[in-house]
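Here's the structure we're looking at; comments come further down.
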Amino acid sequence: MMKYDVITFGSATYDIFMSSRKFETVEDEKFITKKGLCVSLGSKMHVEDVFSSMGGCGTNSACSFSEQGLKTAYFGAVGKDIFGEAIKKELKRHGVSLNLLKESAKHPTAFSVVLSLPGAERSILEKYGACHQVTEKDIPFDPSTKLRADWFYVSSLSAGSHQILVPLLEFAAKEGIKVSANPAGSLKSEENTKILKTVLDKIDILILNQEECSLLTGIDFNEEKKIFKKLDEMVKGIAVMTKGPAGAVVSDGKKLYSAGIPESGLVDRTGAGDAFGAAFTAGYMETGDIVHAIQLGTANATAVLQEMGAANGLLKKGDWGPWSKVEVVTKSI
Ligand SMILES: Nc1ncnc2c1ncn2[C@@H]1O[C@H](COP(=O)(O)OP(=O)(O)OP(=O)(O)O)[C@@H](O)[C@H]1O
Ligand SMILES: [Mg+2]
C-alpha cells in the first residue's frame with residue numbers, strides 16, 4: 001500500500017491574469033479598500049497582457065513538496081472541464097500523485113480572474129468550485145485505504161470544504177500523522193475561527209501571516225511578543241508568522257527565530273505564502289531544524305516571486321537559487 005511523505009489539502013483553482021495600464025483607480029467610500037479598479041461601463045477594452053496558470057493553495061503547496069523530493073499527493077477536487085485537465089497536467093508535471101484527486105461531475109473547477117494595474121495593485125475575482133465542495137464523505141478515512149502519510153499539510157479550506165478540518169485533524173491525531181497547517185481561510189469568519197481554535201492542540205506547525213495571527217489571537221499585529229506568547233499557549237507545536245517583504249518569525253516556545261528576505265526582484269507575488277509554507281514544512285520534516293526550515297521557505301518564496309503564476313519557479317531539491325541564504329537571528333523567550 002502506498003504511503004506518502006505528505007498529503008496536501010486545500011483549493012485547486014485555475015488563475016487567469018489580465019493586466020492593463022488602462023484600468024482606472026477610483027477613490028470611493030463604497031469599496032472596502034476605499035479604492036476601486038475600474039473600466040468604463042458599456043465599452044470594450046483591450047488588455048495588454050493575459051497569462052493563465054494553476055493556482056489554489058492545496059495544489060500549489062503539493063507542487064512545492066514534490067519538487068523538494070517528497071512523495072506527495074494532493075487531496076481535493078476539480079471539475080470535468082478544461083481547467084480541471086490543465087490542473088491535472090500541471091500536478092503531473094511537478095510529480096504530484098493524482099490518486100487522491102476527485103473529479104466532480106457536479107461542480108466545475110474553481111477559478112479566479114486576477115485584474116492588475118501594473119506597478120499598483122490587483123483585484124481578484126474568485127469563483128468557488130469543486131474543491132470547495134469536498135466533505136468528510138469524500139475522504140477515504142478507512143486506514144486500509146489511500147490516506148496514509150507521515151505528514152498532512154492542511155492549507156486554506158474555504159466555503160463548504162471547511163467542514164473537513166476537524167475530522168481531518170482528529171484522524172491525523174489518532175493515526176499519529178503530523179500536521180502542518182496554513183489555515184488562512186478559517187480566519188475569514190468568526191465561526192470558522194472558533195472551529196480552528198478547537199484543533200490547535202493537534203497542529204505541529206501553524207503558519208499564518210501577520211494579519212491572520214492577529215485575527216486568531218485578538219492581539220494587534222504590532223504586538224509581536226504578545227502574539228507569540230498567546231500562540232505558544234494555544235498551539236501544540238511551533239508557530240510561524242510570515243510578514244511579506246519583512247520576512248518571517250518563528251517560535252518553538254523557547255526561542256524566537258527571525259529572518260528577513262534576500263535581495264531579489266519581484267514579478268508576481270501570487271503563491272509566495274504557499275511556497276514559503278510548504279518549503280518551510282519540507283525543510284522541517286527533513287531536519288527538524290527551524291533555521292534551515294526558514295531559509296528553505298524563504299528561498300522557495302523568493303524563487304516563486306520571480307515568475308508569473310503561483311507554482312512557477314519553484315525550487316527543486318538541493319537547489320537554493322542565486323540568492324544567499326537569509327540570516328536567522330535567535331533570541332530566548
Ligand atoms: N513582496 C515580497 N518580497 C519578498 N519576499 C516576499 C514578499 N512577499 C512575500 N515574501 C516571502 O514570502 C513569505 C510569505 O509571504 P506573506 O507573509 O506575504 O504570506 P501570505 O500573506 O500568506 O501570502 P499569500 O497572499 O500568498 O497567501 C514571506 O515570509 C517572505 O519570505
Ligand atoms: Mg497566505
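Both counts, for ligands and for their atoms, begin at 1 and track the order of listing. Keep in mind the model is a prediction, meaning the values are calculated, not measured. The figures here come from the full heavy-atom set of this structure, side chains too, leaving out hydrogens, waters and symmetry mates.
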Exercise. Calculate, to the nearest 0.5 Å, the distance between atoms OG and CD1 belonging to Ser186 and Ile195 respectively.
Key: 8.0 Å
Quiz item: Of all the non-hydrogen atoms in the protein, which one sits nearest to atom 31 (O) of ligand 1, and at what distance?
Solution: Ile261 CG2, 3.7 Å
Self-check item: Under 3.5 Å donor-acceptor, Glu307 side chain and Val304 backbone
Solution: no
Quiz item: Do Val179 and Leu169 have side chains that get closer than 4.5 Å, going by heavy atoms?
Solution: yes
Quiz item: Would you say the side-chain atoms of Ser66 pair up with the backbone N or O of His94, donor to acceptor, closer than 3.5 Å?
Solution: yes
Practice problem: Flag Thr298 as yes when one of its N or O atoms lies below 3.5 Å from any N or O atom of ligand 1, and as no otherwise. | Solution: no
Quiz item: Looking only at N/O atoms, are Thr242 and ligand 1 under 3.5 Å apart anywhere?
Solution: yes
Quiz item: Charged N to carboxylate O under 4.0 angstrom, Lys316 versus Glu67?
Solution: yes
Quiz item: Using 4.0 Å as the upper bound for N to carboxylate O, is an ion pair formed by Lys243 and Glu224?
Solution: yes
Exercise. Can you pull out the closest protein heavy atom to atom 18 (O) of ligand 1? Residue, atom name and distance to 0.1 Å, please.
Key: Gly244 CA, 3.5 Å
Self-check item: Contact partition for Lys243 relative to ligand 1, non-hydrogen atoms under 4.0 Å
Solution: backbone
Exercise. Distance to 0.1 Å, residue and atom name: give those for the protein heavy atom nearest to atom 27 (O) of ligand 1.
Key: Gly273 CA, 4.1 Å
Practice problem: State the atoms of ligand 1, each with its element, that fall below the 4.0 Å cut-off from a heavy-atom position in Leu266. | Solution: 1 (N), 2 (C)
Exercise. Would you mind listing which atoms of ligand 1 come within a distance below 4.0 Å of any non-hydrogen atom of Ala301?
Key: 11 (C), 12 (O)
Quiz item: Which heavy atom of the protein is the closest neighbour of atom 5 (N) of ligand 1, given with residue, atom name and distance?
Solution: Leu305 CD1, 3.3 Å
Practice problem: Kindly state if atom 25 (O) of ligand 1 has a protein heavy atom within a strict 4.0 Å cut-off, that is, under 4.0 Å? | Solution: no
Practice problem: Considering heavy atoms of the protein only, find what lies nearest to atom 20 (P) of ligand 1 and give residue, atom and distance to 0.1 Å. | Solution: Asn209 ND2, 3.8 Å
Exercise. Answer yes when Lys226 and Asp220 have at least one side-chain N-carboxylate O distance shorter than 4.0 Å, and no when they do not.
Key: no
Self-check item: Sidechain N-carboxylate O distance under 4.0 Å for Lys178, Asp204
Solution: no
Self-check item: Closest approach of any protein heavy atom to atom 29 (O) of ligand 1, naming residue and atom
Solution: Gly247 O, 2.9 Å
